[in-house]
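Step one of this worksheet: look at the structure below.
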Amino acid sequence: MPNAIFFPLPTGERLTGWRDRLVRSNALVADAVQQVRRDFYDSFDGRLSRTGTMLEHERGAHGGELRLRVCDGQRVRAALAWDTEVPRFPAALAPGELRRVLEKRLGPRALLPLASVRLRRFNLRAVDAEDKTRVRVRVESLGLRDSQGRFRVLRKHLCVQPLRGYSKDAQRIVSCLEQDHGLRPLCADLCALILTAAGSHPLDNSAVRAVSLRADMRADAAARRVLQAQLADMQAQEPGLIADLDSEFLHDFRIAVRRSRSLLGELKRLFPRSVQQRFGDDFAWLSAVTSEARDLDVYLLNFAAYRRAVPARLRPGLDPLQALLRDKRQRVHSEQLAVQLQSRRYRAFKQRWQDYLDRPLARRPTAPEAAKPLGAVVRRRSWRRYRRILRQGARIGPESPAEELHGLRKACKKLRYLLDSFAALYPPADLEAAIRILKKLQNNLGEIQDLEVQGVALNRFAMELRRRGEYNANTGAAVAALLETLQRRKTQAREAFETRFRRFARAGNQRLFRRLLKPESAEPPR
Amino acid sequence: MITLACYNIKGGVGKTASAVNLAYLAALGGARTLLWDLDAQGAASFYFRVKARVKGGSRGLLRRKRKLEAAIKATDYPRLDLLPADFSYRNLDLLLQQQRKPGTRLRKLIKPLRGDYDYLFLDCPPGITLASENVFAAADALLVPTIPTTLALRTLEQLAAFCGDQGYPGLRLLPFFSMVDRRKQLQREIVARPDGLLKKPALGSIPYATEVEQMGLRRAPLETFGRAGAAATAYRQLWAQLQRALASP
């Protein structure tokens, strides 16, 4: 459908006045007045907005419809007749294009309401001798719902909707509006207008917060800025995490915790030992109390893949396992996670951490590298970490225990956090290439570790099912088939490690990391 | 984009009514839908009040002097567009023969529409011609409205044999009963058989109903004026069943 053309009207104008004028001057047919409510949805981190779209649910006397609208131009990308409440996850929608696109764009994220508008509209049509509609015109008033639930007029406009194959008819109306009525079209992103007016643009919640850093700034000041951003991320996730809106709140919360903990450890010469010890323990505690819930989330998110991994006839046998995981997750979330995140200990930790990060910098700090320039400190640390990864990886052979691979994985994560957190210090192209190389190794190590842990956990869950008396022959056969597949994949991933690491450590890549990280490099960091 | 062709060797079996009603239901459910009226008689175009005329005719389309997209018209219903018929389609076979690779010309023509639509319905003329072979090569499934009579079933088997012999990989034959006259015992018996069509259960069964004939008077899909009737209900069930069939491998 061609893009709609909007003509803003003064909010004091009456819609009926414009309807009558257009009917008279353009021989349009007017349909009955229509009143609809339109609710806008996106994920917490704006996954739809980022692709220039927004989900809207329109409800009126004629029924309801869900539409994925392309914000710029107001085209509808996909739609679905939907009269009931919008589900939190698109998997609950009827199969079709809308569900497919939403599932792809949202991943595990939930749909959250952002804004609600009420539209009062007159639909007008130009028809031909066959009574075929050739162009549609809407005279609309758009009311935004405020925090008290009242609607106030946000905007009034005329909207000319050209129809495919009848562009001349639309052009005729547009010319008439411009020349006879003195109106001017406005290219406006209606979704952005509404969300800005409602003060709920989802991109404001993006987990990636820009931290301004310079290589010559004091290292402890810069590290505090980065850690402050991580704390802000943690706090941004809390409401969604406690309300259990989707699994990504916990995931992003844990990333912020791990990053903070890792940076405290990696940059230990920037902080007094007592600070490092005390807050390091706090972050370790937060990692521990959120770990089981995240593991269960991962198993449940992987469950569709688990099903696909066993023969079709055995799949129903996995149902008791899925029910057990859901039950455990529910319990862990409500009895452990939500409780700990509202506990006095957590509140006290946040307050102390915030106070420390806000505290003025010591003029003569006790930590040895606190007052040194950030660029030199970060480069030295990350170069050391990189070389250690090379040494650790070279020691790993086909018979090496899983712990050694896990150790290498943790080392890679630490380097990755340093690169991500201080990205502003490196040339973007080199950094991107280095992260791409590191990521490939991380993916392999992550797969090995995940499959190792999942195998152990599945055995544990099977025993738990047995204890509960919910383990039958079908479940036994399905779990055995699943474990076999996981074991096979783990062997494959383990075998692939040697090649992966060889590629990571090849001469060209080493030159890239040396150029990027080595402190004595000819090209200083920016 | 899923391409569904409403096709039967025989004429007057309800191909156009099925194409129009199923395309409407697809669009109503939210899918971006295009209906191409390939029949020179232009009945589907008439139902949607669109002139059965394409600038440049079939020659222009096949020689790509005019883009296929430029001939598309919006219908009065959201998300449902129409590629109208043209009287020149009666010579489609002759024109196709003059093309290189005449058997796959249609498939090539519709390729640019893939990103614009979720479903393309083809309302085909009857007969087995070069144009129908183009349809077989372009479609993902043939929806075959079949009147439950012995001769119609025989024709269906002939079609299945032809498609099998000529080898159209990926083309699914999805027949359903059409214009079922419940007053006739033989028709009732054929429909009641569990292996009614091609030794498979039928995808659906559309009754013979006056509402379907009224589509010509109202010039609108059945759902818009006769939603409560038996035929509209049967089309909704057929569409639901068809979606399930398309989703399963």
Side-chain angles (χ1 to χ4, degrees), chain A residues 1-4 29 31 55-58 60 62-70 74-83 86 90 93-102 123-136 138 160-170 308 312, chain B residues 1-2 24-35 42 45-55 66-84 113-119 217-220 223-224 227 236 239-240 242-249:
Chain A
M1 187 187 279
N3 286 343
V29 179
D31 294 330
L55 185 72
E56 65 181 40
H57 186 212
E58 186 170 298
H62 59 288
E65 192 168 85
L66 266 176
R67 303 182 193 122
L68 185 68
R69 195 176 283 282
V70 180
Q74 296 290 297
R75 206 165 46 81
V76 173
R77 167 73 182 77
L80 178 71
W82 195 259
D83 293 330
V86 176
L93 295 173
E97 183 64 5
L98 182 72
R99 176 169 144 182
R100 193 189 66 76
V101 177
L102 285 177
N123 289 314
L124 308 171
R125 297 176 287 127
V127 295
D128 61 15
E130 304 277 312
D131 204 23
K132 162 87 182 74
T133 303
R134 296 174 77 104
V135 58
R136 292 182 189 280
R138 299 193 305 266
V160 179
Q161 179 61 66
L163 297 178
R164 192 165 189 173
Y166 302 97
S167 56
K168 281 182 188 163
D169 300 79
R308 284 195 300 273
Chain B
M1 184 177 78
I2 297 174
Y24 176 82
L25 288 170
L28 186 70
R32 297 166 301 167
T33 309
L34 175 66
L35 169 62
S45 309
F46 174 80
Y47 282 147
F48 286 113
R49 301 165 192 265
V50 176
K51 273 187 199 146
R53 193 166 62 85
V54 173
K55 214 172 176 181
R66 200 170 143 75
K67 278 189 175 178
L68 194 68
E69 295 97 305
I72 294 173
K73 303 275 184 192
T75 69
D76 286 0
Y77 310 102
R79 295 178 292 281
L80 178 55
D81 290 347
L82 177 84
L83 196 56
L113 302 173
R114 273 185 199 163
D116 294 346
Y117 295 98
D118 304 316
Y119 288 103
L217 277 176
R218 302 209 181 222
R219 299 180 74 178
E223 188 74 9
T224 60
R227 197 176 186 280
R236 283 198 299 275
W239 174 236
L242 179 57
Q243 282 176 291
R244 275 194 285 276
L246 292 170
S248 66

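Model, not experiment: these values are computed from the prediction. In what follows, every heavy atom counts, from backbone to side chain, and hydrogens, waters and symmetry copies are set aside. Order of the sequence lines fixes the chain letters, A, B, ..., with proteins taken first and strands second; residue numbering starts at 1 for each chain.
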Query raised in the report: Testing A:R134, A:K132, A:R136 for salt bridge (Lys or Arg N to Asp or Glu O under 4.0 Å) with B:D76, which one passes?
Result: A:K132
Requested in this report: Flag the pair A:E130 and B:K51 as a salt bridge only when some basic side-chain nitrogen lies within less than 4.0 angstrom of an acidic carboxylate oxygen.
Outcome: no
Report task. Look up atom CZ in A:R164 and atom CG in B:L80, then write down how far apart they are to the nearest 0.5 Å. Result -> 12.5 Å
Requested in this report: Check each atom of B:L28 against the heavy atoms of chain A and say whether the ones under 4.5 Å are side chain, backbone, both or neither.
Outcome: backbone
Query - Basic-acidic side-chain contact under 4.0 Å: A:E65, B:R79 - result: yes
Report task. Side chain from CB out, backbone as N, CA, C, O: work out which of these in B:F46 comes under 4.5 Å of a heavy atom of chain A, or both, or neither. Result -> neither
Report summary line: In this structure, CG of B:D118 is separated from CG of A:L98 (nearest 0.5 Å) by 10.0 Å
Query raised in the report: Is it the backbone or the side chain of A:L80 that comes under 4.5 Å from a heavy atom of chain B, or both, or neither?
Result: both
